[in-house]
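Below is one structure, written out as structure tokens, with a few remarks after it.
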Amino acid sequence: MDNTENNRSLNFIEEIIEEDLQSGKNNGRIHTRFPPEPNGYLHIGHAKAICLSFGMAQKYNGKCNLRFDDTNPVTEDVEYVDSIKEDISWLGFAWHGEAHYASDYFDQLYEWALKLIRLGKAYVDEGSADDISSDRGTPTQPGKESPYRDRSVEENLDLFMRMKNGEFEDGSKILRAKIDMASPNMHMRDPVLYRIKHAHHHRTGDKWCIYPMYDWAHGQSDYIEGITHSLCTLEFEVHRPLYDWCLDQIAEGPYRPRQIEFARLNLNYTVMSKRRFLQLVCEEYVSGWDDPRMPTICGLRRRGYTPESLRNFVEIVGIAKRENVIELALLEHTVREDLNKIARRVMAVSNPVKVVLENYDPEKVEMMEAENNPEDESAGTREIPFCSELYIERDDFMEDPPKKFFRLSPGNEVRLKNGYIVKCTGFDRDELGQVTEIRCTYDPLTRSGLEGANRKVKSTIHWVSARHAIDVEVRLYDRLFSVPDPDVVEEGKDWKSNLNPDSLKIITAKAEPGLANAKPGEKYQFQRTGYFCVDKDSTPDHVIFNRTVTLKDDWAKIVTRE
RNA sequence: UGUCCGAUGGUGUAACGGUAGCACUGCAGAUUUUGGUUCUGCCUGUUCAGGUUCGAAUCCUGAUCGGACAACCA
């Protein structure tokens with residue numbers, strides 16, 4: 001393991017870190033942070049950022065803080081704070097010390113703002129939002145300086161303190177940095193530092209009515225916490241000069257946190273935006289933030305994804321600066337890979353048709369031994385009842401099988417998993433032509449484990465005893481959107497028109513009786529069907545399974561294949 | 001006709017001036033009491049044009065294409 005570890009090439013962030021380490025920067029200290037705004041639930045995109053920031057700290061023996069970027073009280077809530085903590089822990093990471101909050105630094109940030117004013121580098125503007133916006137110019141045209149730009153330090157100080165004291169209405173005044181209205185970088189054209197919001201903050205309550213903007217809070221918070229490498233996504237690249245500028249105004253000594261940007265994660269057939277998730281939740285397109293179809297961490301968790309598989313996914317996806325769209329198949333691959341090792345194999349029939357064994361004693365019940373997981377001997381075995389009346393999968397029988405159909409058909413033999421080899425002798429159908437019952441004979445010498453069972457047959461199918469099976473609810477999930485890029489919307493239509501109408505199907509399946517004891521969160525593989533996870537709403541009377549992922553995607557092709 | 005960033009198979013990601021590799025997908029085959037797993041093989045790639053060099057995915061120049069930036073959001 002350590003060999004491959006050493007041989008693996010470094011990503012560009014690791015290269016930067018190792019350079020910094022070699023040049024003795026920050027005395028070899030590595031300190032990262034994960035800085036979510038508590039205005040929504042975390043999604044798979046955040047998992048990438050989390051694995052990166054925590055992962056770098058782990059790899060280089062450093063620390064990683066959790067800091068809530070809570071500078072905008074109107075969108076934020078403790079509900080989100082709690083969920084974010086839970087999701088990070090579930091992913092398997094532990095932040096250094098207590099969770100931090102940008103709001104912890106409001107006093108310091110205010111002091112630094114006063115310092116900036118005294119330096120003549122910030123001023124209070126009272127133009128309307130529209131005026132200020134239009135005076136900022138466009139990316140291709142320079143902005144115009146505000147008429148309030150050259151107020152005296154005393155006047156600015158007075159106005160800013162009165163802003164803080166609540167003397168002014170929301171939106172009537174802002175504090176701006178005095179940088180360069182002609183800068184080719186829009187963010188340097190006298191950016192807003194503070195705005196007035198008479199709003200209740202989930203942590204500071206009503207103490208403040210002015211709140212710092214991201215650019216004034218983020219770098220400073222990094223600085224206060226001693227962050228060395230501040231990893232964020234590409235859209236903040238343009239902010240970096242401002243990040244550095246703000247720090248240069250207030251920092252003492254040579255230490256500076258360093259912002260490094262990487263490309264965010266995109267998945268096809270998936271939207272990745274808290275704003276849109278909120279719409280899906282509020283407008284009840286999904287059952288909640290943890291709907292198993294959602295790409296939120298809690299949704300994936302409920303769906304049956306494991307932390308290991310998510311971490312592995314992020315690892316495989318890699319890290320770079322170019323835009324990327326990952327195929328959903330890769331995520332599904334990492335889940336299957338992990339689930340294959342840990343999920344218990346069980347039998348459940350989702351679309352049952354009855355099979356009667358004509359030569360099997362109708363009174364008799366045998367207990368068949370079944371392996372819980374062929375990939376893991378320590379998972380042990382269990383016993384399943386077998387009798388003359390069984391259910392098998394309707395798809396596992398064909399009257400006129402095509403060439404490569406290996407399962408049950410008239411005159412053909414097939415093995416019942418953990419049971420006997422049976423031969424189809426006939427079947428009945430109703431007036432609609434649907435098969436109602438299949439008749440078979442079984443070969444008593446071929447019971448699983450006996451010598452006679454070594455006989456080769458083309459295929460093995462799963463079954464449950466019709467007299468012992470329990471009914472379970474099975475929720476079959478498909479991709480939430482029916483197009484690879486849900487952001488591309490047809491003319492005149494809403495992005496939600498891209499939702500897949502078949503993203504959820506609920507069926508009742510016949511399952512082996514032991515499944516009555518299944519506990520929420522447990523992972524199962526339904527033989528030859530897919531991986532399933534017991535839903536949190538399950539009760540002993542009513543077991544609910546969420547389909548995590550199918551075993552293979554080409555199930556449909558198997559029947560029709562030439 | 002602004003600034004910044006980027007461009008390697010279908011999708012991701014390596015190669016840091018010296019044989020374009022890995023993973024996923026797809027296709028074929030072997031094994032299999034899961035049409036699963038495992039194993040084997042195959043397909044497909046350096047955006048373009050110049051330049052530097054014995055040698056360029058890599059360095060330089062230009063073009064092309066893509067993305068980000070004009071919230072009192074983060």
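Sequence lines set the chain letters: A, B, ... in the order given, protein chains first and strands last, and positions in each chain run from 1.
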If I pick the P atom on B:rC72 and the same atom on B:rG67, what distance separates them, to the nearest angstrom?
25 Å
Sort me out a list of protein N/O and nucleotides 9-15 of chain B N/O pairs below 3.5 Å, or just none if empty.
| from | atom 1 | to | atom 2 | distance (Å) |
| --- | --- | --- | --- | --- |
| B:rG10 | N2 | A:Glu327 | OE1 | 3.2 |
| B:rU11 | O4' | A:Glu327 | OE2 | 2.9 |
| B:rU11 | O3' | A:Val325 | O | 3.0 |
| B:rU11 | O2' | A:Val325 | O | 2.9 |
| B:rG12 | OP1 | A:Val325 | N | 2.9 |
| B:rG12 | O5' | A:Val325 | O | 3.4 |
| B:rG12 | O2' | A:Val317 | O | 2.7 |
| B:rU13 | OP2 | A:Arg322 | NH1 | 2.6 |
| B:rA14 | OP1 | A:Ile319 | O | 3.3 |
| B:rA14 | O3' | A:Ser9 | OG | 3.4 |
| B:rA14 | O2' | A:Ser9 | OG | 3.1 |

For B:rU34, does either OP1 or OP2 sit under 4.0 Å from a side-chain N or O belonging to A:Lys552?
no
Please report whether the ring centroid of A:His239 lies less than 6.0 Å from that of A:Tyr243.
no
Starting from the 5' end of RNA chain B, give me the residue, A:Pro184 or A:Ser133, whose nearest nucleotide shows up first.
A:Pro184
May I have the distance from A:Glu315 (atom CD) to B:rC24 (atom P), rounded to whole angstrom?
14 Å
Matching residue for A:Tyr194 among A:Phe168, A:Phe160, A:Tyr211 - test: ring pair (Phe, Tyr, Trp, His ring centres under 6.0 Å)
A:Phe160
Would you say the rings of A:Tyr524 and A:Phe532 are close, in the sense that their centroids are separated by under 6.0 Å?
no
Between A:Gln525 and A:His333, whichever has its closest RNA chain B nucleotide further toward 5' is A:His333
Do the side chain of A:Gln527 and the base of B:rG35 come within less than 3.5 angstrom through a donor-acceptor pair of N or O atoms?
no
Within the side chain of A:Lys144, is there an N or O that forms a donor-acceptor pair under 3.5 Å with the backbone of A:Ser134?
no
Within a strict 4.5 Å, meaning less than it, do heavy atoms of the A:Ile44 and A:Phe313 side chains meet?
yes
Distance between C1' atoms of B:rU3 and B:rA23 (Å, rounded):
37 Å
Donor/acceptor link under 3.5 angstrom from A:Arg336 side chain onto base of B:rG36:
no
Smallest heavy-atom separation, A:Arg33 atom then A:Ser53 atom, equals O-OG, 3.3 Å
In chain order, what residues pass the side-chain contact (heavy atoms from CB on, under 4.5 Å) check against A:Val549, with sequence neighbours excluded?
A:Glu332, A:Arg336, A:Tyr531
Measuring only the P atom in each nucleotide, how far is B:rU58 from B:rU40? A whole number of Å is fine.
34 Å
Secondary structure of RNA chain B per the Watson-Crick/G-U criterion (both distances under 3.5 Å; [ ] crossing, | other strand, . unpaired) is .((((((..((((....[..)))).(((((.......)))))....(((((..]....))))))))))).....
Atom pairs under 3.5 Å: protein N/O with N/O of nucleotides 29-33 of chain B:
| from | atom 1 | to | atom 2 | distance (Å) |
| --- | --- | --- | --- | --- |
| B:rU33 | O4' | A:Arg415 | NE | 3.2 |
| B:rU33 | O2' | A:Lys417 | NZ | 3.4 |
| B:rU33 | O2 | A:Asn418 | N | 3.1 |
| B:rU33 | N3 | A:Ser448 | OG | 2.9 |
| B:rU33 | O4 | A:Ser448 | N | 3.4 |
| B:rU33 | O4 | A:Ser448 | OG | 2.8 |
| B:rU33 | O4 | A:Gly449 | N | 3.3 |

With sugar-phosphate meaning primed atoms plus P, OP1 and OP2, does A:Gly127 contact a base, only sugar-phosphate, or nothing at under 4.0 Å between heavy atoms?
base
Please list, in numerical order, the residues of residues 234-241 of chain A that have a heavy atom closer than 4.0 Å to any atom of RNA chain B.
A:Glu235, A:Phe236, A:Glu237, A:Val238, A:His239
For the pair A:Arg264 and A:Glu235, find out whether any cationic side-chain nitrogen is under 4.0 Å from an anionic carboxylate oxygen.
yes
Round to the nearest Å and state the distance from A:Ile392 atom CD1 to B:rG35 atom C1'.
15 Å
May I ask you to check whether A:Tyr80 and A:His202 place their ring centres under 6.0 Å from each other?
no
Residue list, side-chain hydrogen bond (donor to acceptor under 3.5 Å, both in side chains) with A:Asp131, at least two apart or on another chain
A:Ser128
Spacing between A:Asp338 atom CG and B:rG36 atom C1', to the nearest angstrom
15 Å
